[in-house]
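In what follows, a single structure is set out as structure tokens and then discussed.
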Amino acid sequence: MADEQDDGNGRLKRKEYEKELRRLQAELCHLQAWVKHKGLRVIILFEGRDGAGKGGTIRAITERVSPRVFRVHALPAPTERERSQMYLQRYVAHFPAGGEIVILDRSWYNRAGVERVMGFCTEEQYETFLENCPAFEKYVTDGGIQLVKYWLEVSNKEQERRFAARIEDPLRQWKLSVMDLPSREKWYEYSLARDAMLKATDTKHAPWYILRSDDKKRARLNCIAHLLEQVPYKKLKRGKIDLPKRSKKHEYDDEATLKGRRFIPEKY
């Protein structure tokens, strides 16, 4: 972005951010139409440390598109039944059908990250995952699903600032999970897990894309712009749409029949 779009502190001005976001979101609508038209199947997964900005980036992507095409899944901790299944099984159940884009807010890479660092899996399970994951993703992409993997990279200083805001701001306290504080303490353990994950799973058929996310606004714009380059699409021509007039068949005073019903008080 040009310098005149900064607010003086290096941050993007809200007006310029919203203008560019709207332009990119319009392109996402064109992408959505193309994906439906061609029956494409796409998976976009987001990984990163706690507080990296995954949720906000996903909301920026999905704000103006259909939830029936862009389906977002943030799976909770596995149930007892799911823990008895093949590890990847519960993720496969959410894979896209034709004409769908599935966004995973965290994914099977939990095993390479939080499960590894917090001791939720065995060493054998961890090593098996890193060994088998590239083959699994090759099977997925060979089957015609496009897989786009994003790692959001937040700095130590910025993560600390965001966690402090979550603690102090009642509007953000819901974001503070039981994993957030331990993840601060284990910063370098997460760094080592990240490095091992990238080394083992950054492949030609399913590469990782690293998104710097200290500046949330720029990160969201950069992510959407990059995503639009990953899935080739064309703008489909839309036929002329005429809004039909209301038919007078069965005409009656349909507002009068609501008299006496429970209306919400108009306080605003």
Side-chain angles (χ1 to χ4, degrees), residues 1-36 40 42-72 74 101-106 146 148-176 180 194 207-238 268:
M1 292 293 175
D3 291 343
E4 60 268 18
Q5 294 177 323
D6 291 345
D7 64 1
N9 294 314
R11 295 186 299 264
L12 197 61
K13 290 181 180 178
R14 175 175 292 276
K15 183 178 180 180
E16 296 302 328
Y17 165 71
E18 291 178 349
K19 179 181 178 181
E20 185 63 11
L21 179 62
R22 184 175 180 82
R23 184 188 72 79
L24 291 171
Q25 288 175 334
E27 291 300 317
L28 285 172
C29 290
H30 292 307
L31 171 63
Q32 171 180 253
W34 183 256
V35 167
K36 288 179 63 178
L40 303 181
V42 182
I43 296 175
I44 309 166
L45 66 84
F46 287 86
E47 294 289 342
R49 301 175 192 271
D50 294 313
K54 297 179 292 295
T57 302
I58 291 171
R59 285 192 295 274
I61 293 172
T62 59
E63 184 179 15
R64 303 290 183 178
V65 292
S66 170
R68 287 183 285 274
V69 178
F70 281 77
R71 296 195 291 109
V72 179
I101 297 174
V102 166
I103 297 178
L104 296 177
D105 184 353
R106 295 199 181 278
Q146 183 168 356
V148 185
K149 304 188 301 188
Y150 289 113
W151 172 270
L152 273 65
E153 182 66 13
V154 64
S155 68
N156 172 48
K157 183 178 180 180
E158 180 62 17
Q159 188 197 53
E160 182 179 31
R161 188 195 67 78
R162 292 177 186 178
F163 279 4
R166 291 181 181 184
I167 293 173
E168 298 167 3
D169 186 349
L171 297 180
R172 302 183 188 182
Q173 286 172 357
W174 65 270
K175 293 184 176 183
L176 197 64
D180 283 351
R194 174 204 62 196
W208 278 102
Y209 298 104
I210 299 176
L211 176 68
R212 295 194 182 279
S213 62
D214 277 9
D215 186 324
K216 290 182 178 181
K217 292 177 183 177
R218 293 184 189 276
R220 292 166 189 169
L221 298 180
N222 287 330
C223 184
I224 297 175
H226 181 268
L227 175 60
L228 290 168
E229 294 174 350
Q230 303 314 301
V231 186
Y233 67 97
K234 296 180 180 178
K235 296 181 181 179
L236 298 176
K237 291 184 178 180
R238 295 186 60 182
Y268 303 99

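Model, not experiment: these values are computed from the prediction. Computed from heavy atoms alone, side chains included, the values below leave out hydrogens, waters and symmetry copies.
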Should Arg172 and Arg162 be marked as a side chain to side chain contact (heavy atoms under 4.5 Å, CB included) after you check the CA-CA gap, both sets of side-chain angles, and the distance that decides it?
CA-CA 10 Å; Arg172 302 183 188 182; Arg162 292 177 186 178; over 6 Å; no
Assess the residue pair Arg106 and Asp50 against the criterion (salt bridge (charged side-chain N to carboxylate O under 4.0 Å, His left out)); give the C-alpha distance rounded to whole Å, side-chain angles, the decisive distance to 0.1 Å, and a yes or no.
CA-CA 10 Å; Arg106 295 199 181 278; Asp50 294 313; 2.9 Å; yes
What do the steps show when you test Gln230 against Ile44 for side chain to side chain contact (heavy atoms under 4.5 Å, CB included), and what is the final call?
CA-CA 11 Å; Gln230 303 314 301; Ile44 309 166; over 6 Å; no
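Under the rule for a ring pair (Phe, Tyr, Trp, His ring centres under 6.0 Å), Phe70 has no partner lying at least two apart in sequence or in another chain. Remark: His30 engages no residue in a ring pair (Phe, Tyr, Trp, His ring centres under 6.0 Å) (not counting sequence neighbours). Remark: Ala60 pairs with Leu21, Arg220, Ile224 by the side-chain contact (heavy atoms from CB on, under 4.5 Å) rule, at least two apart or across chains. Partners of Trp208 by side-chain hydrogen bond (donor to acceptor under 3.5 Å, both in side chains), not counting sequence neighbours, listed by chain and number: Thr201. Contacts of Glu160 classified as side-chain hydrogen bond (donor to acceptor under 3.5 Å, both in side chains), with partners at least two apart in sequence or in another chain: none. Looking at residues two or more places apart in sequence or on another chain, you find no side-chain hydrogen bond (donor to acceptor under 3.5 Å, both in side chains) involving Asp105. By the side-chain contact (heavy atoms from CB on, under 4.5 Å) test, Val35 is found to be paired with Leu31, Leu40, Ile101, residues two or more places apart in sequence or in another chain being considered. Pro207 pairs by the side-chain contact (heavy atoms from CB on, under 4.5 Å) definition with Asp202, Tyr209, not counting sequence neighbours. Lys235 pairs by the side-chain hydrogen bond (donor to acceptor under 3.5 Å, both in side chains) definition with Glu27, not counting sequence neighbours. Evaluation of the ring pair (Phe, Tyr, Trp, His ring centres under 6.0 Å) rule for Trp151 yields no partner, not counting sequence neighbours. Here Lys19 pairs with Glu16 under the side-chain contact (heavy atoms from CB on, under 4.5 Å) rule; sequence neighbours left out.
To the nearest 0.5 Å, the span separating NZ on Lys149 from CD1 on Ile210 amounts to 11.0 Å.
The closest side-chain heavy-atom distance from Tyr150 to Leu227 is below 4.5 Å.
For the residue pair Val154 and Gly51, the shortest heavy atom distance occurs at CG2-O, 4.2 Å. Contact between Leu24 and Leu221 at its shortest, heavy atoms only, is CD1-O, 3.6 Å. Contact record, Pro67 with Arg71: O-CG, 3.4 Å, taken as the closest heavy-atom pair.
Remark: side-chain polar atoms of Asn222 are paired, donor with acceptor, to backbone N or O of Arg218 under 3.5 angstrom. A donor-acceptor pair under 3.5 Å is formed between the side chain of Ser213 and the backbone N or O of Ala52.
Listed by first and then second residue, the side chain to side chain donor-acceptor pair (under 3.5 Å) pairs involving residues 51-66 are Gln25-Glu63 (not counting sequence neighbours).
Classification of Arg194 and Glu153 as a salt-bridged pair holds, one side-chain N sitting under 4.0 Å from a carboxylate O.
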